[in-house]
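Read through the structure below, which is laid out as structure tokens, and then see the notes.
Bear in mind the structure is a predicted one, so any value in this text is a computation, not a measurement. Labels below follow one simple rule: chain letters A, B, ... track the order of the sequence lines, proteins then strands, and each chain is numbered from 1.
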There are 2 protein chains.
Amino acid sequence: MTNSTRAGKRERLAGAAVRVLHEQGVEKTTLADIARAADVPVGNVYYYFKTKDQLIEAAIEAHGHELDSMIEALERPATPQERLKALLRGWIGHSDLTARYGCPTGTLASELDKRDDGLDRAIAKVMGRLLDWVEAQFAAMGRQDARELAVALFASYQGIALLTNTFRDPGLMAMEGRRLERWIDSLS
Amino acid sequence: MTNSTRAGKRERLAGAAVRVLHEQGVEKTTLADIARAADVPVGNVYYYFKTKDQLIEAAIEAHGHELDSMIEALERPATPQERLKALLRGWIGHSDLTARYGCPTGTLASELDKRDDGLDRAIAKVMGRLLDWVEAQFAAMGRQDARELAVALFASYQGIALLTNTFRDPGLMAMEGRRLERWIDSLS
DNA sequence: GTCTATAAAAAGATAGAC
DNA sequence: GTCTATCTTTTTATAGAC
């Protein structure tokens with residue numbers, strides 16, 4: 001087998017892990033679940049990842065790359081206000097998935113915090129990159145309190161994702177999303 | 001042994017479970033952990049609870065009673081604005097604990113959602129009672145959009161609790177708490 | 001009613017055939 | 001490099017002595 005095939009399976013496992021960890025949570029997910037989703041035999045997983053931790057770490061990295069791509073796409077709109085609203089609309093667009101499984105980043109962060117491996121720091125870094133991007137938008141709007149506003153917006157999203165998930169009601173996310181859009185408009 | 005002793009151990013187990021589940025999470029917590037915290041032999045747990053699920057359910061109920069007591073205490077201030085700000089200050093007062101373990105209700109809701117027993121509905125009901133109380137305060141302020149405001153406030157709290165936990169920074173909670181106090185004042 | 005010892009099941013990890 | 005079979009550990013749950 002060539003190296004490219006090897007890389008392919010590794011990435012397939014990491015990609016499948018992102019999906020399955022979001023749907024089932026870290027602790028309820030077995031290596032067998034991920035292997036099945038990636039169409040790889042269970043025992044073979046250990047050729048690519050020495051431990052379950054290393055596979056989770058790869059999943060965090062893969063999820064981080066997805067978020068980085070999202071951020072890149074969000075750079076298109078001309079004004080920071082429009083960019084932030086595009087972010088909000090992206091979140092609202094996933095409200096059905098959020099109602100079922102919560103925010104992928106938030107649920108992962110919450111669960112990894114309970115483990116004593118260092119993986120909670122990895123997901124914190126990923127979340128930090130998105131938070132920094134939001135802060136940059138508020139700064140571009142000329143706000144001195146950009147960090148505080150970024151934390152507020154991000155917290156509102158994480159919180160409404162949790163409520164949407166807990167009450168299984170995508171409508172909550174749509175309602176709060178509209179409110180946050182009005183709030184962003186009011187800041188200009 | 002008398003019934004009162006029996007009830008005592010049952011409640012001690014449920015109370016210990018509330019604490020340990022908050023600190024370690026549902027999935028990382030074993031019955032042995034809870035038994036140790038309650039000072040009860042492991043095997044004896046099954047005399048009081050037939051399954052782990054039933055013990056978790058009792059913990060949810062006990063946590064619900066704690067929240068109900070908190071709500072009762074929050075009724076003291078004369079105006080709804082003061083009552084909401086008292087709630088905020090209570091949250092801020094727990095920011096160190098939140099930085100270490102997250103919001104007890106939110107982390108529980110997030111984790112229980114991944115299980116296929118029905119316990120996620122139980123924690124949703126508990127959270128719903130607090131949300132309803134917040135809504136009642138906004139309604140008492142004469143707001144027609146009381147539900148929307150209640151969802152927004154509660155989401156902000158749940159979200160900032162998650163960020164506070166993820167970044168291990170109690171200061172985030174203090175900062176957002178002050179912002180929310182100003183926001184409540186601005187609504188009158 | 002209380003507790004110990006142990007069974008049963010699940011999941012992570014490894015050895016070794018191919 | 002790939003995969004099967006199996007070992008080990010952990011944790012839930014039960015049987016039965018006291």
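- Rounding to whole angstrom units, NZ of residue Lys50(A) and C1' of dT14(C) are separated by 13 Å.
- Under the side chain to side chain donor-acceptor pair (under 3.5 Å) criterion, Gln158(B) pairs with no residue at all, not counting sequence neighbours.
- Rounded to whole Å, atom P of dG12(C) lies 12 Å from atom CD of Glu27(B).
- For the pair Tyr46(B) OH and dT11(D) P, the computed distance is 12 Å after rounding to whole Å.
- Counted within 6.0 Å of CD on Glu72(B), heavy atoms from surrounding residues, nucleotides or ligands total 12 or fewer; the atom is thus considered open.
- Phosphate contact (OP1/OP2 of dG1(D), side-chain N/O of Tyr47(A), threshold under 4.0 Å): present.
- Applying the 4.0 Å criterion to OP1 and OP2 of dA10(C), one finds that Lys28(A) has every side-chain N and O outside that range.
- Side-chain N/O atoms of Asn44(B) include one lying less than 4.0 angstrom from OP1 or OP2 on dC3(C).
- At distances below 3.5 Å, at least one donor-acceptor pair connects side-chain atoms of His22(A) with backbone N or O atoms of Gly102(A).
- Here Asp39(A) does not pair with Arg12(A) in a salt bridge; the nearest charged N to carboxylate O distance is not below 4.0 Å.
- Fit an axis to the five pairs at each end of the helix from dG1(C)-dC18(D) to dC18(C)-dG1(D) and the two axes sit 10° apart, to the nearest 10 degrees.
- Applying the 4.0 Å criterion to OP1 and OP2 of dT2(D), one finds that Tyr48(A) has a side-chain N or O inside that range.
- Salt bridge present: Arg89(B) and Glu181(B) bring a charged side-chain N and a carboxylate O closer than 4.0 Å.
- Rounded to an integer number of Å, the gap from Leu13(A) CG to dG12(C) C1' is 15 Å.
- Distance CG (Leu55(B)) to P (dA13(D)): 10 Å, rounded to an integer number of Å.
- Along DNA chain C, the nucleotide closest to Thr30(A) and the one closest to Gly43(A) are compared, and the more 5′ of them pairs with Thr30(A).
- As a whole-Å value, the separation of Lys52(B) NZ from dT10(D) P is 15 Å.
- Closest to the side chain of Leu31(B), from the set dT4(D), dC3(C), dA13(D), is dA13(D).
- The separation between Asp53(A) atom CG and dA11(C) atom P is 17 Å, rounded to whole Å.
- At most 12 heavy atoms of other shown residues, nucleotides or ligands fall within 6.0 angstrom of atom CD in Gln144(A).
- Following rounding to the nearest Å, Asp39(B) (CG) and dC3(C) (C1') show an atom-to-atom distance of 13 Å.
- In this structure, Asp185(B) does not pair ionically with Arg182(B), as no charged nitrogen and carboxylate oxygen lie closer than 4.0 Å.
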